[in-house]
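The next block holds one structure in the form of structure tokens; read it before the comments.
The shown structure was predicted, so the numbers you read here are calculated from the model rather than taken from an experiment. First listed ligand is number 1; within each ligand, the first listed atom is number 1.
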Amino acid sequence: MTRPTALVTGASSGIGTEFAVQLAAVGHRLVLVARDEARLRALADRLGGDDHAEVLVADLADPASRLVVERRLAEPGDRPPVDLLVNNAGYGTAGEFVDTDLDVLAANHEVNVTTVLRLTRVALPGMIDRGHGGVINVSSVAGFLPGRGSVYGAGKAYVTMLSQNLAGVLGGTGVHVMALCPGFVKTEFHQRFGRARSGPGFAWMEADRVVRDALADFAKGRPVSIPSPLYKTIVVAARLAPPRLVHAVARRTASGRG
Ligand SMILES: NC(=O)c1ccc[n+]([C@@H]2O[C@H](COP(=O)([O-])OP(=O)(O)OC[C@H]3O[C@@H](n4cnc5c(N)ncnc54)[C@H](OP(=O)(O)O)[C@@H]3O)[C@@H](O)[C@H]2O)c1
């Protein structure tokens, strides 16, 4: 039997590296995508070298650079087709919407939203034709909490809803789509936009646990994965509480958003 192939964006760090490691451990070949070529090559070596991991260097904020990834998904040629796409690359921006440079906001939207839309759209037809495959879109609990940050939570709300919609539409095709919505995870995410890790220690999860829970939920066919009872409770409470209260609480904790 041929080994399945998984393409992971943002594989150079944090949750993406953990997806690559755990998927390799259960027999996947990997296609590793990010900007930092040295880190991707080091990870490819760790996973066993060229037979086990391809490296695709791409800036997902740049449509021309991103085309390399779109082509790898849509037209694999003599390379193995991608069975599992993990849209994981993403980042937050500091500052309020009206104070943040338009190009900074647009680049963030390109990576966190447009890339998820485009890569999912180009990957799905081949998976549907083959009758199997899947997409895991790394979203966030921030997508359930209005008032957190400027565009980050809005983008994640889109990613969660897109994934849920596709999970419903694709029922019976053999292809599954799931949104992974973590809370705070110990990665480089916060330091990249100058945020200290805030809040109680128990709220911070390890990336390996998040990915383990996500892969278990994906195997069960769940449309949304929210790792840990704490964050499941927060999401349910946010849905039940009056919107003005959710907004006020979320704004008070927005400095540590994840
Ligand atoms: N950590 C949290 O608390 C948390 C909570 C909820 C959701 N999330 C989500 O989890 C996902 C992974 O984040 P993380 O926590 O693992 O953060 P991280 O350690 O900072 O990793 C982010 C990854 O995204 C890649 N990336 C960023 N901009 C890119 C670009 N323009 N082109 C290509 N790749 C790019 C980075 O690679 P290069 O720099 O090499 O390009 C890196 O591999 C994100 O979607 C994030 O929104 C994180």
Side-chain angles (χ1 to χ4, degrees), residues 7-22 30-44 55-70 86-93 103-104 106-116 118-119 136-145 148-149 151-160 163 179-199 203-211 213-214 224-228 230-231 234-235 253-258:
L7 185 148
V8 180
T9 69
S12 60
S13 171
I15 295 169
T17 297
E18 198 53 47
F19 264 113
V21 168
Q22 291 194 28
L30 268 302
V31 183
L32 308 170
V33 179
R35 292 166 300 182
D36 189 328
E37 181 170 4
R39 289 180 90 176
L40 293 181
R41 295 222 174 273
L43 177 59
V55 166
L56 275 191
V57 179
D59 181 351
L60 299 171
D62 173 359
S65 177
R66 187 176 53 210
L67 260 188
V68 177
V69 188
E70 294 181 19
V86 183
N87 276 313
N88 161 79
Y91 63 97
T93 56
D103 290 339
V104 170
N108 187 244
H109 189 81
E110 202 65 44
V111 175
N112 289 11
V113 179
T114 307
T115 293
V116 175
R118 293 190 67 93
L119 299 192
I136 298 175
N137 290 326
V138 182
S139 186
S140 170
V141 291
F144 297 105
L145 304 174
R148 287 177 68 81
V151 294
Y152 181 79
K156 293 302 188 182
Y158 171 92
V159 169
T160 302
S163 309
L180 165 61
C181 302
F184 293 150
V185 189
K186 295 177 196 165
T187 66
E188 296 173 15
F189 178 89
H190 292 82
Q191 82 192 43
R192 281 182 195 251
F193 68 109
R195 295 280 192 227
R197 287 183 189 165
S198 60
W204 287 85
M205 297 184 69
E206 302 290 340
D208 65 343
R209 156 85 193 280
V210 170
V211 171
D213 285 8
V224 177
S225 174
I226 304 172
S228 109
L230 170 67
Y231 288 107
I234 288 172
V235 168
T253 55
S255 61
R257 70 181 169 273

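Counting heavy atoms only, Ala89 comes closest to atom 24 (O) of ligand 1 of the residues Ala142, Ala89, Pro227. Which of Leu60, Leu43, Val211 comes nearest to atom 32 (N) of ligand 1 through a heavy atom is settled by distance: it is Leu60. Across the listed options Gly10, Ser13, Gly92, Ser13 owns the non-hydrogen atom lying nearest to atom 21 (O) of ligand 1. Of the candidates Asp59, Asp62, Thr187, the one placing a heavy atom closest to atom 31 (N) of ligand 1 is Asp59.
Interface of Tyr91 with ligand 1, defined as ligand atoms under 4.0 Å from a residue heavy atom, comprises 28 (N). Which parts of ligand 1 touch Gly14 is read off a 4.0 Å heavy-atom cut-off, strictly below it: atoms 16 (O), 19 (O). Close approach to Ala61 involves these atoms of ligand 1, each under 4.0 Å from a residue heavy atom: 31 (N). Those atoms of ligand 1 that come under 4.0 Å of a heavy atom in Val138, given as number and element, are 9 (C), 10 (O), 11 (C), 45 (O). Here is the list of ligand 1 atoms found below 4.0 Å of a heavy atom in Asp36: 40 (O). Shown in contact with Phe184 at under 4.0 Å from a heavy atom are these atoms of ligand 1, numbered in order with element: 3 (O). Interface atoms of ligand 1 facing Glu188, defined by a heavy-atom separation under 4.0 Å, are 19 (O), 20 (O). Interface of Gly90 with ligand 1, defined as ligand atoms under 4.0 Å from a residue heavy atom, comprises 22 (C), 24 (O), 44 (C), 45 (O).
Residues Ser228 and Arg209 meet the side-chain proximity criterion, which asks for heavy atoms closer than 4.5 Å. The closest side-chain heavy-atom distance from Phe144 to Ile226 is below 4.5 Å. Side-chain contact between His109 and Val151 is absent, with no heavy-atom pair separated by less than 4.5 Å. Residues Leu180 and Phe19 meet the side-chain proximity criterion, which asks for heavy atoms closer than 4.5 Å. Side-chain contact between Cys181 and Val235: absent, with no pair of heavy atoms (C-beta onward) separated by less than 4.5 Å. Residues Ile234 and Leu230 are in side-chain contact: their nearest non-hydrogen atoms beyond the backbone lie under 4.5 Å apart. Inter-residue side-chain proximity for Leu43 and Val21 is flagged as met; some heavy-atom pair is nearer than 4.5 Å.
Residue Trp204 places every heavy atom at 4.0 Å or more from ligand 1. In this structure, Ala207 has no heavy atom closer than 4.0 Å to ligand 1. By the 4.0 Å heavy-atom criterion, Ala58 is counted among the residues contacting ligand 1. The shortest separation from a heavy atom of Glu110 to ligand 1 is not under 4.0 Å, leaving the residue out of contact. Residue-ligand proximity: Arg192 is placed with a non-hydrogen atom under 4.0 Å from ligand 1. Heavy-atom separations between Glu18 and ligand 1 are all 4.0 Å or longer. Residue contacts with ligand 1: Ala107 is excluded, as none of its non-hydrogen atoms falls under 4.0 Å.
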Evaluate the side chain to side chain donor-acceptor pair (under 3.5 Å) criterion for residues Asn137 and Ser163: first the C-alpha distance (whole Å), next the side-chain angles of each, then the deciding distance (0.1 Å), finally the verdict. CA-CA 7 Å; Asn137 290 326; Ser163 309; 3.0 Å; yes
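Considering backbone and side-chain N/O atoms, Ala34 never comes within less than 3.5 Å of an N/O atom of ligand 1. Between Pro182 and ligand 1, not a single N/O pair is under 3.5 Å apart. The shortest N or O to N or O distance between Gly16 and ligand 1 is not below 3.5 Å. Remark: ligand 1 and Ser140 share no N or O pair separated by less than 3.5 Å (distance only, no angle test).
The local environment of CZ in Arg118 is sparse, with at most 12 non-hydrogen atoms from other residues, nucleotides or ligands closer than 6.0 Å.
Under the side chain to side chain contact (heavy atoms under 4.5 Å, CB included) test applied with Leu40, the options Leu56, Val55, Thr17 reduce to a single match, Val55. Paired with Asn87 under the rule side chain to side chain contact (heavy atoms under 4.5 Å, CB included), one option of Val33, Leu119, Leu7, Asn112 passes, and it is Leu119.
Within the 3.5 Å criterion, the main-chain N or O of Gly10 finds a donor-acceptor partner in the side chain of Asn88. Proximity of a side-chain donor or acceptor of Gln22 to a complementary backbone N or O of Asp208 within less than 3.5 Å is detected.
The side chain of Val111, and not its backbone, has at least one atom closer than 4.0 Å to an atom of ligand 1 (non-hydrogen atoms only; side chain from C-beta on). Counting heavy atoms under 4.0 Å from ligand 1, residue Arg39 does not touch it at all. Residue Lys156 touches ligand 1 through its side chain alone, judged by heavy-atom distances below 4.0 Å.
Ring centers of Phe193 and Tyr152: at least 6.0 Å apart, outside the cut-off.
Using a 30° and 60° split on the angle between ring planes, Tyr231 and Phe184 fall in the perpendicular class, above 60°.
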